[in-house]
Every structure is written in structure tokens, then in C-alpha cells.
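First comes the structure, then the notes that go with it.
If you read the sequence from its start, that first residue is 1, and numbering goes on from there.
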Amino acid sequence: MSSIKEAIRAAQDIKTEEGLEIPEWGVTVDVWGLPSGDWEAYQNKLNKLRFSEGRGGAEMAVKSNRAEIVAKCLYEPGTAEKVFPDLAEGIAILSKKSGGTVDGLFKLCRHLSGEDRDFEQKVKDAEGNSGGDRS
């Protein structure tokens, strides 16, 4: 019998959207949600920006951070290969693309990562996904 720790480690809980067509770019990609550590790092960056930057500089940095999140979430269809293995290059490319397209992908990444739901909704979702009976 495996331990709870091993069951958690083995759980495939990162959601994906496969075969997403992005007509503006003429491509199809898979989009994966991010693990909690990446979202915490993103939130920490945002909080740090709010305290250290003026309004205009912080707004531009937030847009670049969205490009970073999107770059981390895009995968070649049907593979585990990132579209942007070089994150800095991905950020540079996405930062020059339509804000609406990048923002839409950011919102999808956020949704797949479970960051657009409140705690109660996350608990309900987890209850629906539990595979075993409670003892």
C-alpha cells in the first residue's frame, strides 16, 4: 500500500487545454496550468512591484509578468515540450504580441492553475475528484 505522500506525489492534477487554436498567430498549442510554486512566485513579484515601483513602471512590469506566465504554459501539441524552453526569449517574443491575445492566454493559464476560483470552490472541486471512500 502506498503512502499518502506517494499518492500526492503521483497525482496528475495539473489541468491542460489541448489543441488550442490561436488564429491570430496561426498556431495550435497545448496550454498547461502551472504548479502552485510558480503562481506563488508570480504573486510575490506583483506584491514586490506594488511596493517598489511607480504606477507606470509597475503596469509595464505586470504585462511582462503575464508574458512570463504564458511562456511557461505553452507546449507543443501532444508533447511535453515547451514552446519556449528559453524563458527569456519567450517573454521577449510574447511581450511584443497583442495584449488581448496574451491576456486571454494568461486568463486560461490562471484558470487551468485553479487561480480563478475561491477556496470554497477549490474544496468542492477536490471533493468531486476524490477517488476513494472516506473511512
Side-chain angles (χ1 to χ4, degrees):
M1 184 164 145
S2 72
S3 70
I4 292 172
K5 177 177 71 175
E6 292 306 315
I8 292 170
R9 180 178 288 141
Q12 299 295 322
D13 65 343
I14 304 294
K15 295 182 179 171
T16 62
E17 175 88 20
E18 296 179 0
L20 179 70
E21 291 184 33
I22 306 173
E24 297 89 343
W25 300 342
V27 299
T28 300
V29 296
D30 288 351
V31 183
W32 293 17
L34 291 178
S36 64
D38 286 340
W39 275 106
E40 288 173 17
Y42 171 71
Q43 292 299 327
N44 289 337
K45 273 186 181 181
L46 290 181
N47 289 333
K48 189 174 181 181
L49 284 171
R50 288 185 184 117
F51 289 115
S52 66
E53 304 240 358
R55 287 197 149 180
E59 183 178 329
M60 187 58 161
V62 168
K63 288 180 182 174
S64 294
N65 283 334
R66 286 182 177 212
E68 178 180 345
I69 293 295
V70 172
K72 288 180 176 183
C73 290
L74 298 182
Y75 287 80
E76 297 284 342
T79 73
E81 294 181 36
K82 290 187 174 193
V83 170
F84 299 110
D86 179 341
L87 186 58
E89 179 184 33
I91 294 167
I93 291 170
L94 293 172
S95 294
K96 294 177 182 162
K97 294 293 149 195
S98 164
T101 304
V102 172
D103 189 55
L105 286 166
F106 173 81
K107 288 176 181 171
L108 177 58
C109 295
R110 189 170 182 248
H111 174 72
L112 292 171
S113 302
E115 289 299 312
D116 62 345
R117 291 171 284 162
D118 62 17
F119 179 75
E120 289 81 16
Q121 185 61 46
K122 289 178 183 180
V123 170
K124 286 179 187 175
D125 290 349
E127 288 172 347
N129 291 328
S130 65
D133 294 329
R134 293 184 181 167
S135 49

Listed partners of E40 passing side-chain contact (heavy atoms from CB on, under 4.5 Å), at least two apart: S36
Side-chain donor-acceptor pairs under 3.5 Å in residues 97-104, sequence neighbours left out?
residue, atom, partner, partner atom, Å
S98, OG, G100, N, 3.2
S98, OG, T101, N, 3.4
D103, OD1, R66, NH1, 2.1
D103, OD2, K107, NZ, 3.1

Between side-chain atoms of residues 19-34 and protein atoms elsewhere (two or more places apart, or another chain), which donor-acceptor pairs fall under 3.5 Å?
residue, atom, partner, partner atom, Å
D30, OD1, G19, N, 2.8
D30, OD2, G78, N, 2.8

W39 and I69, any side-chain heavy atoms less than 4.5 Å apart: yes
Heavy-atom pair of closest approach, residues L112 and E17: CD1-N, 3.9 Å
Hphob cluster co-occupancy, I93 + L108, side-chain heavy atoms under 4.5 angstrom: yes
Atom pair SG/NZ of C109 and K15 - distance to nearest 0.5 Å: 14.5 Å
Rounded distance (nearest 0.5 Å) linking atom OG of S113 with atom OH of Y42: 11.5 Å
Atom of D38, atom of K72 and distance for their closest heavy-atom approach: OD1-NZ, 3.9 Å
Nearest-0.5 Å distance that lies between atom OG in S3 and atom CZ in R9: 8.0 Å
